[in-house]
Peer 1: 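A single structure is presented below for examination.
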Amino acid sequence: MAIRGQHTLAEITSQPEAWADALRAFAARQAELKRAWVSLNPNQVVIIGCGSTYYLSQTAAWLFRGLTGVPACAYPSSEIVLFGPQVLARPHDTLLVTISRSGTTSETLIAIDRFRRLGGRTVWSITCYPDSPLAKSADLVLPAEAAQEQSIAQTRSFASMLVLAQAMAAALAGQDISPLNTLPGLGWKVLEQTAPIAKELATGSDLDGFFFLGSGPQYGIASEAMLKMKEMSLSHSEAFHFFEFRHGPKSMVNGRTLVVGLLSQRASAHEEQVLDEIAALGGHTLAMATLPGTGGGTHRIQLPSHLPAWATPVLYLPPLQLLAYYRAIGKGLDPDRPRNLDPVVFLDESDFSPD
Ligand code: F1P
C-alpha cells in the first residue's frame with residue numbers, strides 16, 4: 001500500500017545525487033556552451049518557464065545579468081505566447097533559454113515557435129528529459145536526467161535544473177565553477193541538519209499563513225517555496241522581496257504567521273531587520289542564513305557559508321521543500337498527489353495561431 005508522500009520525501013532526500021548528475025552533464029557540455037555563447041554574442045537573454053520553472057527562470061535571469069553583464073530577464077512562457085512581439089524587442093539578437101522539467105509543457109513549446117517566427121535564432125533548453133519535444137527544438141540542451149521524479153510538485157528536478165542554471169551563468173561569465181562540485185556533499189549536510197526544524201515548524205505551531213522573503217537571486221527561490229507550500233499543503237502562502245514586505249503585506253502578520261527570510265550574503269543585516277520587526281509584531285520567523293549571525297527573530301537555519309553568492313541559491317531548497325512536505329503530512333494530505341494539479345499542463349496549440 002502506498003504511503004502518503006513516499007515519492008516526494010524520497011525525491012527531496014535523494015536530490016544531492018541528482019545535483020551531482022547534473023554537474024557531470026554540465027561538465028561534458030561546458031566547452032560547447034562557451035563556444036556557442038561567444039559565437040552568438042547576444043545583446044539580451046530571455047529565460048522562460050511555467051510555474052516552478054518560471055520561478056527558476058527568475059533566479060537564473062538574476063544570476064545571468066549579475067555575472068555576465070548581459071541584460072537578462074525572466075517571463076512566464078505564456079507572456080511570449082500571448083504578447084510575443086511586445087516582449088521580444090530584438091529576437092534576432094536574443095538568446096532564448098527555456099526551462100522545463102517535462103519538456104512537453106504546451107506554453108513553452110508554443111513560445112519557442114513564436115520566438116522563431118519573430119526572427120529568433122537560438123534556443124537553449126534546461127530539462128529533465130533530453131529526448132523531449134522541447135529538447136529536440138533547442139540548439140543546445142543541458143539535461144538533468146537523474147532528477148526525473150514521480151511527484152507532481154517539483155523538488156529534485158527544480159534543484160537540479162537550478163544547479164545547471166547556476167553553472168551556466170557562472171561559466172559564461174568566466175567564473176571558476178569548481179565550488180559547485182561541493183554542492184552535493186553540502187546538500188546531504190543541509191538535509192540532515194535542517195530536517196528537524198522544518199518538521200517542528202511545519203507541524204508544531206498552529207500556523208495558517210506563510211510568507212517567504214527573498215531578494216536578489218533568492219526572490220525566485222522564495223517564490224518557489226511559496227508554490228511548494230500551496231501545491232503540497234494547500235496553505236495560504238506568498239512571496240515578496242524583503243523590503244516590499246513593509247509596504248503593506250506586513251499588515252497580515254499575527255501569531256499564526258510564519259515568515260521565512262532567505263538572507264543574502266550582501267544585504268543580510270538589512271534583511272534581518274525586517275524579520276526582527278515581524279517578530280516584534282508577534283509573528284514567527286525563520287532566518288535562513290549563509291553568514292554567521294544571531295538576528296532574524298525566532299528561528300534560524302545556518303547554511304554553508306563559504307560558497308560564492310552565485311553558488312548558494314540551491315542550498316535554500318531542501319529545508320523549504322521539507323517544510324511544505326511536513327506541513328502536508330501534518331494536515332493529512334498526500335503531497336504525491338496535490339489537489340487539482342497534473343504533472344504537465346497541455347493546451348490545444350491550435351488555439352494559439354501565430355501573429
Ligand atoms: C511546469 C509546471 C510545474 C508545476 C506543475 C505543472 O512544468 O507548471 O511548474 O509545478 O508540476 O507543470 P514543466 O514545464 O517544468 O514540465
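In this chain, residues are counted from 1 in sequence order. Order of listing sets the numbers, starting from 1, for every ligand and every atom in it.
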Peer 1: Among all protein heavy atoms, pick out the one at the shortest distance from atom 2 (C) of ligand 1; state its residue, atom name and that distance to 0.1 Å.
Peer 2: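 Looking at atom 2 (C) of ligand 1, the protein heavy atom closest to it is C50 O, 3.9 Å.
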Peer 1: Checking side chain to side chain contact (heavy atoms under 4.5 Å, CB included) against V123, which of V97, T98, I48 comes through?
Peer 2: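 Considering V97, T98, I48, a side chain to side chain contact (heavy atoms under 4.5 Å, CB included) with V123 is found only for T98.
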Peer 1: Starting from atom 10 (O) of ligand 1, which protein heavy atom do you reach first, and at what distance in Å?
Peer 2: E231 OE2, 2.8 Å
Peer 1: Among all protein non-hydrogen atoms, which one is nearest to atom 3 (C) of ligand 1, and what is the separation to 0.1 Å?
Peer 2: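 Of the protein heavy atoms, Q154 NE2, 3.5 Å lies nearest.
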Peer 1: Can you list the atoms of ligand 1 that are under 4.0 Å from a heavy atom of R101?
Peer 2: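 By the 4.0 Å cutoff, the relevant atoms are 11 (O), 13 (P), 15 (O), 16 (O).
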Peer 1: Centroid separation under 6.0 Å, is that true for the rings of F211 and H236?
Peer 2: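 Yes, close enough.
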Peer 1: Quick test: of every protein heavy atom, which one is nearest to atom 9 (O) of ligand 1, and how far off is it to 0.1 Å?
Peer 2: S52 N, 2.8 Å
Peer 1: Students should be able to answer this: which protein heavy-atom is nearest to atom 14 (O) of ligand 1, and at what distance?
Peer 2: T105 OG1, 2.5 Å
Peer 1: Checking side chain to side chain donor-acceptor pair (under 3.5 Å) against E149, which of R156, Q154, R101, Q15 comes through?
Peer 2: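 Filter result, single survivor: R101.
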Peer 1: Going hydrophobic residue to hydrophobic residue with side-chain gaps under 4.5 angstrom, can you get from Y54 over to V314?
Peer 2: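 Same hydrophobic cluster.
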Peer 1: When you measure from the centre of the six-membered ring of F115, is the NZ or CZ of R117 under 6.0 Å away and within 45° of the axis?
Peer 2: no
Peer 1: Is it the side chain, the backbone, both or neither of D342 that has a heavy atom closer than 4.0 Å to ligand 1?
Peer 2: backbone
Peer 1: Ignoring angles and geometry beyond distance, decide whether G51 reaches within less than 3.5 Å of ligand 1 through its nitrogen or oxygen atoms.
Peer 2: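 No.
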Peer 1: Under 4.5 Å between side-chain heavy atoms, counting indirect links through other Ile/Leu/Val/Met/Phe/Trp/Tyr residues: same cluster for I99 and F346 or not?
Peer 2: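 No.
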Peer 1: Would you call T108 a ligand 1 contact, heavy-atom distance under 4.0 Å?
Peer 2: no
Peer 1: What about S102: any of its N or O atoms under 3.5 Å from an N or O on ligand 1?
Peer 2: yes
Peer 1: Please determine whether any non-hydrogen atom of P343 lies less than 4.0 Å from an atom of ligand 1.
Peer 2: yes
Peer 1: Kindly state whether the ring of W37 and the ring of F64 have centres lying under 6.0 angstrom apart.
Peer 2: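 Aromatic pair counts; centres sit under 6.0 Å.
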Peer 1: When you measure from the side chain of Q265 to the backbone N and O of L291, does any donor-acceptor pair fall under 3.5 Å?
Peer 2: no
